[in-house]
Amino acid sequence: MSEITITLPDNSTRSYNAGITPLEVAESIGQRLAQDTVAASINDELSDVTVPLMADAQLKLFTGNSPEGHEVLLHSTAHLMAQAVKMLWPKAKVTIGPAIENRFYYDFDIQSTFSNEDLEKIENQMRQMAKDDLTVKREIMSRDAAITLFNDMGEDYKVEIIEQIDSQDDISTYRQGEFIDLCRGPHVPSTGKIKHFKLLSSAGAYWRGDEKNKMLQRIYGTVFSTKKELKEYLHFLEEAKKRDHRKLGKELEIYSFDDEVGPGLPLWLPNGGIIIDELEGLAKETESQHGYHRVRTPHLTKGDLYKKSGHLDLYKDAMFPAMDIDGIEYYIKPMNCPHHHKIYDASPKSYRDLPYRISEYGTCYRYEKSGQLFGLMRVRSMQMNDAHIYCSEDDFETEFMDVCQMYLKYFKIFGIEKYEMRLSLHDPVELGKKYINEPELWDQTEVVVRDTLKKGNINFVEIPGEAAFYGPKIDVQVWSAIGKEFTLATNQVDFAIPKRFNLTYTDESGSEQTPLCIHRAPLSTHERFIGFLIEHYGGDFPLWLSPIQVAILPISEKTLTYAQSVKSIMEKTGIRVKIDDRSEKIGAKIRQAELKKIPVMAIVGEKEAEEKTVSLRRRIIGDQGAVHIKQLLESLNSEIKKRSLPHRES
RNA sequence: GCCUACGUAGCUCAGUGGUAGAGCACUUCCUUGGUAAGGAAGAGGUCGCCGGUUCAAUCCCGGCCGUAGGCUCCA
């Protein structure tokens with residue numbers, strides 16, 4: 001038998017007889033490695049560990065805690081689950097079951113639905129089969145043979161999938177015990193490798209994600225290579241729930257929903273009102289430094305305006321139905337752009353007026369499908385940090401970059417580090433359906449935006465099919481505590497204005513020109529932004545945003561008068577203060593302030609009253625000792641003015 | 001919108017075919033205590049809404065409303 005040379009990732013080489021498998025190579029290195037190995041890559045191609053090596057090769061062995069190995073483990077556990085479901089519900093049809101981030105799922109076409117008890121039953125069945133350590137065997141067959149096989153088994157969905165595979169390609173299947181599944185692989189060599197798993201939830205899901213198709217039953221689960229990792233992941237999911245803005249928003253009395261008001265229509269409580277005021281303060285300050293003019297526009301507008309803007313053709317599904325006023329159709333506005341265009345058009349513009357920048361925290365209403373609503377992050381009424389910049393082509397790059405810089409400035413203030421800048425482009429197939437039918441303008445604008453981003457050294461990914469109906473966008477994507485993705489800030493180019501609104505300006509030579517329009521919302525909407533901030537800070541807002549900044553905690557009623565004088569001194573400098581005048585011990589007052597996540601506690605007893613000090617305690621950090629009032633005011637006001645980030649545990 | 005689960009006091013939740021309970025919060029009283037819960041008493045609910053079954057429904061059935069998870073990451 002001929003010898004082959006296997007090169008390992010550390011560039012060491014080993015000689016083996018041809019036909020040896022990656023698993024046997026692992027065994028020759030160490031029993032422990034062999035036990036943990038779930039997949040391999042041969043010359044950088046992911047593979048089963050039982051594939052014989054016939055020639056010299058670069059070999060990598062993946063254990064279950066490597067990203068590649070974990071994915072294989074997830075995928076194999078999905079198969080194990082499908083096998084269990086088929087045993088318990090022989091009539092169920094299998095469809096697809098991929099690995100996703102830290103989880104897997106499998107969709108079944110089944111008459112009934114899965115209850116929590118069913119999940120337990122399935123899990124037990126899986127444990128049994130894992131214990132039985134069934135060999136997982138890869139088999140290659142022709143496309144036709146595969147179609148016959150799955151047809152005979154009544155697995156219609158698998159047949160549908162195979163029929164879409166190139167007729168030249170062979171089909172791979174995996175068999176474990178009685179169960180056989182169509183799959184590209186790779187998979188673990190035997191079910192005994194699957195040890196630490198848990199089924200998480202069941203849900204409905206459309207076949208191929210299309211709501212026109214049949215609804216299948218999906219089960220989500222997770223698996224890790226060690227018990228510790230599984231425990232950590234489940235713990236992480238629990239912690240994420242604690243950060244959820246829907247929980248914290250209620251606890252901190254920031255907003256609420258009321259059945260009688262309607263779904264997706266948040267009520268801002270006084271604490272939320274304060275956060276809104278602070279955000280608007282930041283926006284006003286920043287925008288005035290950048291040459292914006294503030295405007296205001298009505299919530300209600302005639303339908304003709306939205307016909308002109310294209311909303312009624314391309315955005316109507318997201319608009320509330322028209323109301324009839326004196327025989328004319330009016331709509332509640334879903335966007336502020338048309339009104340801003342009208343403001344531009346309210347007086348003649350010359351090149352001297354450009355760039356013309358107008359901003360408004362405009363209130364918009366959008367009809368989101370009921371199942372899409374999500375706390376504050378996806379609502380039906382929203383106030384946008386909106387602005388439109390009308391400029392000449394020459395000014396476009398500077399203006400566009402200025403907007404990008406504004407994002408980055410804001411993100412720094414809020415300490416937002418985990419986000420993805422996305423260049424959202426149109427999909428040519430959808431021209432005239434989803435997008436304004438101006439193929440050349442689309443291409444032209446997308447090139448300009450992409451080049452500008454590159455010039456500005458801004459990292460971004462490109463996603464086709466995500467543009468606004470009127471132009472390409474730069475979206476800033478973030479994730480909620482429980483992992484849902486949202487567009488936070490957005491910056492869009494609107495090239496359709498000239499035709500539709502006939503906006504013009506007079507250039508230096510006296511001839512009429514058409515401006516470009518940039519639409520931007522770096523602070524998103526109040527709803528989504530504050531929802532995001534609650535989770536981002538875990539409820540621990542920086543001092544400048546905290547609804548209550550200082551809690552004054554008198555040791556006893558004897559120092560209540562002093563506490564009141566401290567309060568009024570602080571209030572005069574604009575600090576938001578509350579006294580806890582309950583007849584409670586200091587420990588209870590501190591506990592209450594900590595639970596309400598008030599950043600600063602000023603404890604005042606007789607000693608402090610005498611010395612005109614307070615005993616300072618910062619939330620999370622703890623006791624800071626006595627501080628003179630004047631000194632405290634200075635440091636707090638400076639922290640507020642600088643909009644410093646919250647103090648963290650070191 | 002669709003699938004599934006859920007809806008009991010301000011909050012978190014228990015409970016039963018015979019008109020309801022705990023803890024926290026709230027109010028009052030006692031306590032005046034120095035860095036994460038002092039004590040006592042009291043008040044608080046049309047058991048999401050509408051209908052049906054029943055002598056009797058918060059509980060069983062149906063409809064509606066709302067909330068949650070999912071419906072995107074393609075063998």
Side-chain angles (χ1 to χ4, degrees), chain A residues 75 78-79 82 94-101 103 105-107 112-116 118 146 150 155 157-162 164-165 169 171-174 181-185 187 200-220 241 244 246-247 250-251 253 256-264 317 367-375 463 465-466 482-485 553-560 582-596 601-608 615-620 622-626:
Chain A
H75 194 177
H79 271 223
V94 293
T95 67
I96 58 166
I100 54 178
E101 200 184 353
R103 291 183 302 162
Y105 66 82
Y106 211 113
D107 288 348
S112 54
T113 58
F114 295 114
S115 65
N116 286 339
D118 290 339
F150 285 101
E155 296 288 7
Y157 294 88
K158 292 292 178 190
V159 173
E160 186 181 327
I161 292 163
I162 300 168
Q164 284 173 0
I165 295 175
D169 291 350
I171 301 292
S172 62
T173 60
Y174 280 80
D181 198 2
L182 170 77
C183 187
R184 185 187 289 141
H187 278 287
L200 298 169
S201 58
S202 64
Y206 299 108
W207 169 235
R208 295 186 184 276
D210 188 333
E211 63 185 8
K212 288 186 208 91
N213 290 341
K214 184 167 185 188
M215 180 155 284
L216 310 170
Q217 293 301 318
R218 172 175 297 185
I219 303 175
Y220 283 94
K241 279 186 199 156
D244 193 311
R246 292 167 298 181
K247 182 176 156 66
K250 194 186 273 182
E251 281 170 10
E253 297 176 71
S256 77
F257 286 101
D258 190 294
D259 287 5
E260 288 191 290
V261 176
D317 287 350
Y367 173 73
E368 299 283 354
K369 287 198 264 178
S370 63
Q372 305 281 19
L373 300 174
F374 180 72
I463 311 276
E466 288 292 332
I482 61 165
K484 276 183 196 278
E485 183 176 330
L553 312 179
I555 295 283
S556 78
E557 276 161 31
K558 287 180 196 155
T559 46
L560 198 52
R582 294 174 305 160
S583 119
E584 278 294 349
K585 298 216 278 194
I586 195 64
K589 294 183 184 181
I590 288 169
R591 181 180 151 79
Q592 185 62 18
E594 290 277 352
L595 289 175
K596 288 285 171 191
M601 283 156 264
I603 295 156
V604 292
E606 295 189 44
K607 198 170 66 193
E608 288 80 6
S615 174
L616 177 65
R617 183 188 162 105
R618 292 295 302 234
R619 174 169 154 68
I620 298 170
D623 194 355
Q624 304 287 288

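Keep in mind that the numbers below use all heavy atoms, side chains included, and drop hydrogens, waters and symmetry copies. Just so it is clear: chains get the letters A, B, ... in the order the sequence lines come, proteins before strands, and each one is counted from 1. The structure presented is a predicted model; accordingly, all values stated were derived computationally and were not measured.
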Protein-nucleotides 45-51 of chain B N/O pairs closer than 3.5 Å?
none

Atom pairs, N/O to N/O, protein against nucleotides 24-30 of chain B, distance under 3.5 Å?
{"from": "rC30(B)", "atom 1": "N4", "to": "S583(A)", "atom 2": "OG", "distance (Å)": "3.2"}

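With sequence neighbours left out, the salt bridge (Lys or Arg N to Asp or Glu O under 4.0 Å) criterion links R184(A) to no other residue. Y106(A) meets the ring-ring contact (aromatic ring centres under 6.0 Å, His included) test with F108(A); sequence neighbours excluded. With sequence neighbours excluded, no residue forms a salt bridge (Lys or Arg N to Asp or Glu O under 4.0 Å) with K607(A). Under the salt bridge (Lys or Arg N to Asp or Glu O under 4.0 Å) criterion, E101(A) pairs with no residue, sequence neighbours left out. Among residues two or more places apart in sequence or in another chain, the salt bridge (Lys or Arg N to Asp or Glu O under 4.0 Å) test is passed with E155(A) by K86(A). A search for side-chain contact (heavy atoms from CB on, under 4.5 Å) contacts involving A203(A) returns nothing, not counting sequence neighbours. Applying the ring-ring contact (aromatic ring centres under 6.0 Å, His included) criterion to F374(A), with sequence neighbours excluded, gives H245(A), F486(A). Shown here are the ring-ring contact (aromatic ring centres under 6.0 Å, His included) partners of Y157(A), two or more places apart in sequence or in another chain: W207(A).
Annotation: rG15(B) and rC6(B) have their P atoms spaced 13 Å apart (nearest Å). Separation of the C1' atoms belonging to rA9(B) and rA14(B) is 13 Å when rounded to the nearest angstrom. With P as the reference atom, rA68(B) and rC11(B) are 15 Å apart, rounded to whole Å. Remark: the separation of the C1' atoms in rC65(B) and rC74(B) is 36 Å, to the nearest Å. Look at the C1' atom in both rG23(B) and rG17(B): the space between them is 28 Å, to the nearest Å. Between rG7(B) and rG48(B), the distance separating the two P atoms is 8 Å to the nearest Å. Between rU72(B) and rC13(B), the distance separating the two P atoms is 30 Å to the nearest Å. To the nearest whole angstrom, the two C1' atoms, one in rU32(B) and one in rG44(B), are 29 Å apart.
At a threshold of 4.0 angstrom between heavy atoms, the contacts of I586(A) are confined to the sugar-phosphate backbone, with no base atom among them. Here E253(A) lies out of heavy-atom contact (under 4.0 Å) with every strand. Nucleic acid contact for E368(A): none, since no nucleic acid atom lies under 4.0 Å from a heavy atom of the residue.
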*Step by step, work out the side chain to side chain contact (heavy atoms under 4.5 Å, CB included) result for I161(A) and I96(A).*
CA-CA 9 Å; I161(A) 292 163; I96(A) 58 166; 3.9 Å; yes

*Walk me through it: do E584(A) and Q592(A) pass the test side chain to side chain contact (heavy atoms under 4.5 Å, CB included)?*
CA-CA 10 Å; E584(A) 278 294 349; Q592(A) 185 62 18; over 6 Å; no

*Yes or no on side chain to side chain contact (heavy atoms under 4.5 Å, CB included) for K558(A) and E606(A), after CA distance, side-chain angles and deciding distance?*
CA-CA 8 Å; K558(A) 287 180 196 155; E606(A) 295 189 44; 3.6 Å; yes

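If you measure from atom CD of E251(A) to atom P of rG10(B), you get 17 Å, rounded to the nearest angstrom. Rounded to whole Å, atom P of rG1(B) lies 14 Å from atom CG of D317(A). Put simply, CD on E211(A) is 12 Å from P on rG1(B), counting in whole angstrom units. Straight-line distance from the CD atom of E584(A) to the P atom of rA40(B): 12 Å, rounded to whole Å. Remark: P of rG38(B) and NZ of K589(A) are 11 Å apart, rounded to the nearest angstrom. With rounding to whole Å, L553(A) atom CG is found 13 Å from rA37(B) atom P.
Between R208(A) and E160(A), at least one side-chain N (NZ, or NE/NH1/NH2) sits under 4.0 Å from a carboxylate O, which counts as a salt bridge.
Between Y174(A) and H79(A), the angle of the ring planes goes over 60°, which puts this pair in the perpendicular group of the 30/60° scheme.
Of the residues L616(A), T559(A), I586(A), the one that meets the side-chain contact (heavy atoms from CB on, under 4.5 Å) test with I603(A) is I586(A).
Comparing L616(A) and K558(A) against RNA chain B, the residue whose closest nucleotide sits nearer the 5' end is K558(A). Of the two residues near RNA chain B, L216(A) and F257(A), the one whose nearest nucleotide lies more 5' is L216(A).
Stem list for RNA chain B (at least 3 consecutive Watson-Crick or G-U pairs, distances under 3.5 Å): B:1-7 with B:65-71, B:10-13 with B:21-24, B:26-30 with B:38-42, B:48-52 with B:60-64.
The environment of CD in Q164(A) is crowded: more than 12 heavy-atom neighbours from other residues, nucleotides or ligands sit within 6.0 Å.
In terms of heavy atoms, K589(A) sits closest to P554(A) at NZ-O, 2.8 Å.
Nearest to the side-chain atoms of K369(A) among the listed nucleotides rG34(B), rG66(B), rG1(B) stands rG1(B). Closest to the side chain of E557(A), out of rG34(B), rU32(B), rG1(B), is rU32(B). Taking only side-chain atoms of S556(A), from C-beta outward, the nucleotide of rC3(B), rG33(B), rA36(B) with the closest atom is rG33(B).
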*Give the B/S/- string for nucleotides 69-75 of chain B, one per nucleotide from 5' to 3', where a protein heavy atom under 4.0 Å of the base yields B, of only the sugar-phosphate yields S, and otherwise -.*
BBBSSSB

